[in-house]
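Below: one structure, written as structure tokens.
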Amino acid sequence: VSKEIFSSEYDAGIIIDQNPSPRTKVKEGYTVEVVVSKGKELTKVPNLINRDITEIGRFLAEASLSEGRVVYENSDVVPANIVMSQDPEPFTEVEVDTPVNIVVSKGPETVLVSMPNLVGLTEDQARNALAAYDLKIGEIIREASEEYAEGVVFWQSIKAGYEIEAETAIDLMISTGPPKLPQEPEVPETPEEPSEPNDPVEEEIPFVVSVTVQGENESANIRIVRS
């Protein structure tokens, strides 16, 4: 026996080849070399479960195996693109080049809901509506609105009626009431200049004037009285 080799065609112990070839004439006692089959080459299947789909090709190549069917299924437990099961099972001995089938997670099943109309609702009503539709509250922006009263939703990030995935976050704009008018700046009062006092009025003081006029033979007294 010159050597033994694996063969997918011949069972173990069967001669695959010989030298010299059959019907070749040789001298008596000439040594004939033969190649004997070791049977099919086996390899151990690697554990692919919980590995990312992008890693599978490398592990199969290292084990001299080929990639079989890939089936995707939803899972609420296993993240998307992670192998959930395989066939053959991990650590099984199989022939080289055996295809390995795997089942890969698609992640949780996508549930679509209809977007409700939140415009015109109060903040509490909008929160309750989103919870009822398995939606989440996103960013809340508070702005003045001439049309909607304080605390009322007047805008939503996704229009009512659209089919969206459950658990989607919805942004809202909520009114803070009408915009406040700008106040006119106060003009400081100009202090009044003190008025000049009027010219004092001279008081008239009553007085009495007596005048005596004398002539040659007589005199006269004149009295002027001012009251």
- For the pair Lys136 and Glu167, evaluate salt bridge (charged side-chain N to carboxylate O under 4.0 Å, His left out) and give the outcome as yes or no after the intermediate values. CA-CA 6 Å; Lys136 295 180 178 180; Glu167 301 297 321; 3.7 Å; yes
- Task: Quick one: do Asp17 and Ile15 satisfy side-chain contact (heavy atoms from CB on, under 4.5 Å)? Show the steps, please.
- Result: CA-CA 6 Å; Asp17 196 10; Ile15 295 175; 5.9 Å; no
- Item | Pair Ile164-Ile158, side-chain contact (heavy atoms from CB on, under 4.5 Å): steps then yes or no | CA-CA 9 Å; Ile164 59 175; Ile158 299 178; 4.1 Å; yes
- Task: May I have the step-by-step check of side-chain contact (heavy atoms from CB on, under 4.5 Å) for Met84 and Ser75, ending in yes or no?
- Result: CA-CA 9 Å; Met84 297 191 293; Ser75 172; 3.7 Å; yes
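Taken from CD in Glu55 to CD1 in Ile82, the straight-line distance is 7.5 Å, to the nearest 0.5 Å. Taking CD of Glu95 as the start and CG of Leu65 as the end, the distance is 11.0 Å to the nearest 0.5 Å. Distance check: Glu73 CD to Ser85 OG gives 7.0 Å after rounding to the nearest 0.5 Å. Taking CG of Asn101 as the start and CD of Glu67 as the end, the distance is 9.5 Å to the nearest 0.5 Å. Taking CE of Met115 as the start and OG of Ser157 as the end, the distance is 6.5 Å to the nearest 0.5 Å. To the nearest 0.5 Å, atom NZ of residue Lys44 and atom CD of residue Glu93 are 6.0 Å apart.
Heavy-atom minimum distance, Glu139 versus Asp171: N-OD1, 2.7 Å. In plain terms, the two heavy atoms of Pro88 and Pro99 that are nearest each other are CD-O, 3.8 Å. Of all the heavy atoms in Ile137 and Arg127, the pair that sits closest is CG2-NH1, 3.6 Å.
For the pair Ile56/Ile102, a side-chain contact is recorded, criterion being any heavy-atom separation below 4.5 Å from C-beta on. In this structure the side chain of Val83 never reaches within 4.5 angstrom of the side chain of Val103, judged on heavy atoms. At least one side-chain heavy atom of Gln156 sits under 4.5 Å from a side-chain heavy atom of Asn117. In this structure, the side chains of Phe154 and Glu147 stay at 4.5 Å or more apart for every pair of heavy atoms. Ile170 is listed as a side-chain neighbour of Thr168, based on a closest heavy-atom distance under 4.5 Å. With contacts defined as side-chain heavy-atom distances shorter than 4.5 Å, the pair Asn81/Tyr72 qualifies. Between Gln18 and Thr24, every side-chain heavy-atom pair lies at or beyond the 4.5 Å cut-off. Using a 4.5 Å heavy-atom cutoff, the side chains of Leu42 and Val94 are not in contact.
Under the 4.5 Å side-chain heavy-atom criterion for Ile, Leu, Val, Met, Phe, Trp and Tyr, Ile174 and Leu118 are members of the same hydrophobic cluster. Under the 4.5 Å side-chain heavy-atom criterion for Ile, Leu, Val, Met, Phe, Trp and Tyr, Ile141 and Leu121 are members of distinct hydrophobic clusters. Cluster annotation: Ile140 is not connected to Trp155 through the hydrophobic network of ILVMFWY side chains, with a link wherever side-chain heavy atoms come within less than 4.5 Å. Val119 is not connected to Leu172 by any chain of hydrophobic side-chain contacts under 4.5 Å among Ile, Leu, Val, Met, Phe, Trp and Tyr, and they are in different clusters. In terms of hydrophobic clustering, with Ile, Leu, Val, Met, Phe, Trp and Tyr side chains grouped at heavy-atom distances under 4.5 Å, Ile53 and Val78 are assigned to different clusters.
A side-chain donor-acceptor contact under 3.5 Å links Gln125 to the backbone of Thr122. Checked by atom type and distance alone, the side chain of Ser105 never pairs as donor or acceptor with a backbone atom of Asn74 at under 3.5 Å. Of the possible polar contacts, none joining the Thr92 side chain to the Val45 backbone as a donor-acceptor pair under 3.5 Å is found. Here the side chain of Glu123 pairs no donor or acceptor atom with the backbone of Gly151 at under 3.5 angstrom. With Arg58 contributing its side chain and Thr54 its backbone, the two residues share no donor-acceptor pair below 3.5 Å. Looking at Thr43, its side chain never comes within 3.5 Å of a backbone N or O of Ser64 through a donor-acceptor pair. Side chain of Ser114 to main chain of Glu163: no donor-acceptor pair is present (N/O by atom type, distance under 3.5 Å, no hydrogens or angles).
Around the CD atom of Glu146, the shell of radius 6.0 Å holds no more than 12 heavy atoms that belong to other residues, nucleotides or ligands. At most 12 non-hydrogen atoms from other residues, nucleotides or ligands lie less than 6.0 angstrom from OH of Tyr133.
By the 4.0 Å N-to-carboxylate-O rule, Arg142 lies too far from Glu150 to be salt-bridged with it.
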